[in-house]
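To keep things clear, I will list the structure first and then write my remarks on it.
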Amino acid sequence: MKDYNFSEIEKKWQDYWRKNSIYKVTEDKSKPKYYVLDMFPYPSGAGLHVGHPLGYIASDIYARFKRLNGFNVLHPMGYDAFGLPAEQYAIQTGQHPAITTEQNINRYREQLDKIGLSYDWSREVRTSDPAYYKWTQWIFIKLFHSFYNYETNKAEPINNLVYVFENVGFSEEINNTLTKNIEHDVKSFTADEWKSFTEKQQQDILMNFRLAFLAESYVNWCPALGTVLANDEVKDGVSERGGYPVERKLMMQWSLRITAYADRLLSDLDKLDWTESLKETQRNWIGKSEGTSLKFRLLSSEFLVENRNNLGGTSIEVFTTRPDTIFGVSFLTLAPEHELVEKLTTPDRKEAVEQYVTLSKNRSERERMADVKKISGEFTGSYAIHPFTGKQIPIWVGDYVLAGYGTGAVMAVPAHDSRDYAFAKHFGLECPVVILPPVDWDFEDQSYDEKNGKAVNSDFLNGLETKAAIKKAIEEIQKQELGKGKTNYRLRDAIFGRQRYWGEPIPIYYKDGIAYTLEENELPLLLPEVDKYLPTESGEPPLARAKDWKYKKPLSNSSQGERTNPAYQTAASSMWDSLKQNAQEHRKNPTEDESALWQYLKGEQLGVKFRRQHAIGFYIADFVCLDKMLVIEVDGKYHEQQIVDDQLRANDIQQQGFEIIRFTNEEVLVDTENVIEKIKAKLNSLPSRKSAQVLHNKEDLERASHKSGQGEDLGGASYPYEHSTMPGWAGSSWYFLRYMDNKNTNDFVSKEAVDYWKQIDLYVGGSEHATGHLLYFRFWTKFLFDLGLIPFDEPAKKLINQGMITGRSNFVYPISFSISLNVSPTGTDEEENFRNKILLEEQIAGEFEVFYVSELYYKNWESHKESVLNRVKEELKQHMIKRNYSIIEESIRVRKMHVNINYVLNDVLDTGAYKINELYNYPDATFILEDDGENQIYRCGWEIEKMSKSKYNVVTPDDIVADYGADTLRLYEMFLGPLEQSKPWNTQGIEGVHRFLKKLWKLFYDADGKLIVIEGEPSKKELKSLHKLIKKVGEDIENFSFNTSVPAFMICVNELTELKCNNKKILLDYLVCLSPYAPHVAEELWEAMGNKTSITKAYFPAFNPEYLIEDSFSYPISINGKHRTNIEMGMDMAQAEVEQIVLADEVVQKWLEGKQPKKIIFVKGKIVNMVI
RNA sequence: GCGCAUGUGGCGUAAUUGGUAGCCGUGCCAGACUUAGGAUCUGGUGCCGCAAGGCGUGGGGGUUCGAGUCCCUCCAUGCGCACCA
């Protein structure tokens, strides 16, 4: 091959890699594993621009490097395929989002392939694939059936909580230790009361504890998108996607209780190797603040009691981080949504308060934010009593208090809180000072908010420093039972339902107003077909349009949580190893009673098969009949702890769908007959699982053939499904696990795969996911860990945020003016050729734009206006000889408009091309040019902006690949600067990188295309150059400093060219170093030198420091820290010898001016510095 | 307002982690080869100065024999959070 023909080479090797599945990995236990993951993209219709691959290239280099170092690297890719844009497109065109998505994915794949990324595509996942979202739904069901146990500090089956309710009921004490639920208003109840509740009542109570739950709450409602949004999907009061306004609305919604994990999400950040700024962002978002709750009793004055509900015992609870300022409280403020507002308002204040509350409720989030500085509020007319002084404290309503945070009420301390201060000043309320600032302070001017100073006017707190005062105040508050220490979080529960079509259906149906999950073996619940992707006329989500989309209850009565095949696999997969061992132990050493009972059960004496010591869930059952799903337990003596343990165990087993009967060991030994009879009776009452299974399978088939579950009624009743779908982040919250085992139909991921691959070792993606995806991602991982389904509780050990590549937009400057025509156009004059039609149209519009000025005129528009206007007049005169018209001079204006960067080179517009392609309606458009010293040119303005279609500044990787090749693109993107830095795309430097590859080529081939590589031993200089490179590149990749490797490659090639090096040994090692960065050219040259296997199977060369050792070093000699000269001296010289040589030096002598240096600093191999 | 980053030639950037500031690449200047160059090659290029030399890593101060690097302070830019009690 004569020249470096990149397009041929790249095609050749991409084909080779694909055909030979070079990047396919398996769970090879002989090698250490490494998991490198990119955040998967949402396949948008616009395709990839050059910014997207930045992170992909970096992670690809890292993955390739790890492979060269003997690691078994998992490096997969997939698509976050559910999302709004495809659905918006569907609404406009009627095209099914699945089709749009498929097309976009194909386009993405094509683009990704061209870059030469080493993904194992056999592991691809798509969140919109039913085989994938089946498991997203499955995890949702797990969330639904779990609650957060604050005692064990993890998620547990909700049945454990039910057990508590059944046995001891629910009390404040239980809430304090076990559930810590502050948002709900579940009243205490006894165990007996619980049992007397209806199913509906029980389920409603449980809903307050489930991790996936339905609740009425204020949500971000986006009318334009017709859906609710999570907090992180709202930026500055508008939707992140589309920028539509968002308002607050009280709605019944599915949510995930992420707040239960707030503390762990916060504290576990410490064990992650993520950037500090990203961790800080998450800390901010979680927003932990420690303080105390405090109750203010209400003053029950005559008229209050008379007219309203009896408020006698009622009190207002506030949250404060500054209990030390308690004596500075001069009023309380409630959020307008606070439940007590209505009750507290006195008749004379009623009208004003109601008006105010209505007003604030109707304000959108955006309006509220825009008005932050504007203070508003109303007095309710009621008073509370100060808990220590007994003074009356007025109660106000104000929208500066947020309903969703803390208790929705604050104790206002205007002297020491700027917001309270502003409120107090505005309404003329008191500002008692209770902290003496250590500096002069003018309380007339502003509040003193610092946590620093001495308490004054504060009774028992007087004289204490703030820190001590806080402590003392909390002690006193707790002693008098006025409140208790409490932690609040800014983080809110994540709204999970979306009133949209293109998402995972929530696997819930409603029966008698109660939400039930589908059976696990009924998943996936397929997305049904609808006629339109819009809400129904009554405002229901699009899924409500699906015809006959209802849940048909199967005839079998098997309970929830049942596992599918194979039937004997009933153990929790994560526990299997340890359970198996224990079970074997038990089997070998049966107790007396167990042996006795087994005599009657073994074989198929009772008509069915029993198993002994069989693992179910997290536990081992004594005897199991799998067909009837019956467990027989034989217990020892009962004592209290055992009852609890047994019950937990029973819950777990029941959750797997089994029935349990239990006997004491005494019963078994003494009254064996009776025990056997009971077992027989139980067996008879249970249906056979085999037959149930057949039914299930039949239903599965029906479902599949009819799509979307529109199978015929199997005889049971039918119930409506939930109509909202899951948010975009559902599928992306666990996808990293699915790559490990993407074809598994029995489990979301096999235990074997997850035990091998474990956490992501390196996760690369944009920082825009800092608060959304990355929090949910961690949350779901922790949840799955709690259930024992995966062996780690953080998804990604190390995370790198690649910077954004911004675009460089260009602008043109059209001028517009109005023109008045005095005579109506006539006949066929030549002037008719001049935009006759346009003029007519524009005459109606009153303005037109057919003149463009160069940047110069735009920059100094005022001074150029006059001359531009004259130019316009002149131009018009030529074309409109016979027409009677006049320009309305005042109307002339210039504006800035994006221009497609394809018509611009170095900010100079190709006016001809622009006119032909963009201004075909205005063929005579005039460009007013400027002088660049040589020519008249049209200069465009420019700006650095995000790349986007609408800004016409998108550069696609395809264009670059076509012009320079993928290897150049890869090297150049890395060369651009540090990975994490955001930077503008600029094509100027790309030539240099491309030239470097051509120069590399010349080390192998001469001008005639003859291979010039020679065998033999390399020279010392060649080895030195190479090993400098090996060291540098190895270190750079480990430090993710990819940008500095590129110059190292260039330097090495420059040096080897200089040395006229054609040595095969040197060049082979060089290619291996280069191959992670430029895999195609490396493969090609590797093969050209006679290698039969791919360079990806090579080993990264070992660095040998011996080659870098120098005999001598050119020491910089400085005097008083200023560099003066260099002297070449031996590396092994001692200080005395060096001093002698240095002092004898001519240049040094000159600078010393005859003086003797006071001190000589000598650092071996570094520097000599003299102080005079 | 709070928090986290970042600030080096015309531009993108580099600096062995306290030891010769400006590697590499672009751009620019000069030259070579060419009918030509948007090809290739060679040399130069931080600023001031004819030079000797001086100045120079956002500004100011400090620690040190020595500071782009460490400390203090101020300024600018970017990002995140923001009426969170």
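Atoms considered below: every heavy atom in the structure, side chains included; atoms not considered: hydrogens, waters and symmetry mates. So you know, we letter chains A, B, ... as the sequences are listed, proteins then strands, and number each from 1.
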Which whole-number value in Å describes the distance from A:R322 CZ to B:rC83 P? 20 Å
Under 3.5 Å between N/O atoms: give me all the protein pairs with nucleotides 10-12 of chain B, atom names plus distance.
{"residue": "B:rG12", "atom": "O2'", "partner": "A:L976", "partner atom": "O", "Å": "2.6"}

Which residues share a ring pair (Phe, Tyr, Trp, His ring centres under 6.0 Å) with A:Y405, sequence neighbours left out: none
Given B:rU20, B:rC24, B:rA85, identify the nucleotide with an atom nearest to the side chain of A:I1167. B:rU20
What nucleic acid atoms does A:S418 come within less than 4.0 Å of, heavy atoms only: base, sugar-phosphate, or nothing? nothing
Looking at A:W985, I'd like to know if the NZ or CZ of A:R808 sits under 6.0 Å from its six-membered ring centre while staying within 45 degrees of the ring's axis. no
Testing B:rA85, B:rC24, B:rA82 for proximity to the side chain of A:R490, the answer is B:rA82
Taking only residues two or more places apart in sequence, or in another chain, which ones meet A:F423 in a ring pair (Phe, Tyr, Trp, His ring centres under 6.0 Å)? A:F331, A:W396, A:Y400, A:F427
Expected rows: protein N/O vs nucleotides 45-47 of chain B N/O, under 3.5 Å:
none

Per the glycosidic torsion and the 90° limit around 0, nucleotide B:rU64 is anti
Are A:M974 and A:S1045 close enough that some pair of their side-chain heavy atoms sits under 4.5 Å apart? no
Give the B/S/- string for nucleotides 54-70 of chain B, one per nucleotide from 5' to 3', where a protein heavy atom under 4.0 Å of the base yields B, of only the sugar-phosphate yields S, and otherwise -. SS---------BS----
Only Watson-Crick and G-U wobble pairs, only distances under 3.5 Å, only runs of 3 or more: what stems does that leave for RNA chain B? B:1-7 with B:75-81, B:10-12 with B:24-26, B:27-32 with B:40-45, B:46-48 with B:53-55, B:58-62 with B:70-74
What's the closest nucleotide to the A:E276 side chain, out of B:rA21, B:rC4, B:rA82? B:rC4
Between A:H416 and A:Y448, how do the two ring planes meet: parallel, tilted or perpendicular, split at 30° and 60°? perpendicular
Does A:G287 reach a base, just sugar-phosphate, or nothing at all? Heavy atoms under 4.0 Å. nothing
In terms of base orientation, is B:rG9 syn or anti, with the syn window spanning 90° either side of 0? syn
Please produce a list of atom pairs where a protein N or O lies less than 3.5 Å from an N or O of nucleotides 1-3 of chain B.
{"residue": "B:rG3", "atom": "O2'", "partner": "A:E280", "partner atom": "OE2", "Å": "3.0"}

Parallel, tilted or perpendicular: ring planes of A:H769 versus A:H773, cut at 30 and 60 degrees: perpendicular
Contacts of type ring pair (Phe, Tyr, Trp, His ring centres under 6.0 Å), residue A:F1103, not counting sequence neighbours: none
Determine whether the side chains of A:E1128 and A:S1112 contain a donor N or O and an acceptor N or O closer than 3.5 Å. yes
Side chains of residues 1156-1172 of chain A: which donor-acceptor partners sit under 3.5 Å, not counting sequence neighbours?
{"residue": "A:N1169", "atom": "OD1", "partner": "A:S1118", "partner atom": "OG", "Å": "3.3"}
{"residue": "A:N1169", "atom": "OD1", "partner": "A:G1121", "partner atom": "N", "Å": "3.1"}

Is any side-chain nitrogen or oxygen of A:N1054 closer than 4.0 Å to OP1 or OP2 of B:rG25? yes
Between A:R492 (side chain only) and A:R490 (backbone N and O only), is there a donor and an acceptor less than 3.5 Å apart? yes
Sorted by chain and number, sequence neighbours left out, ring pair (Phe, Tyr, Trp, His ring centres under 6.0 Å) with A:Y1107 holds for A:H1027
Member of A:F1042, A:F1049, A:Y1070 meeting the side chain to side chain contact (heavy atoms under 4.5 Å, CB included) criterion with A:V1033: A:F1049
Quick check: A:F6 with A:W1001 (ring centres under 6.0 Å apart)? no
Answer with base, sugar-phosphate or nothing: what part of the nucleic acid does A:K1150 contact at a heavy-atom distance below 4.0 Å? sugar-phosphate
Can you identify which nucleotide, out of B:rA85, B:rC41, B:rC81, has its nearest atom closest to the A:R995 side chain? B:rC41
Can you list the residues that meet the salt bridge (Lys or Arg N to Asp or Glu O under 4.0 Å) rule with A:K999, with sequence neighbours excluded? none
I'd like to know if the side chain of A:Y356 and the backbone of A:D399 have a donor-acceptor N/O pair within less than 3.5 Å. yes
How would you list, by chain and number, every residue that makes a side chain to side chain contact (heavy atoms under 4.5 Å, CB included) with A:A1078, sequence neighbours excluded? A:D967, A:L971, A:L1074, A:V1081
Establish, with yes or no, whether the OP1 or OP2 oxygen of B:rA85 is under 4.0 angstrom from a side-chain nitrogen or oxygen of A:Y405. yes
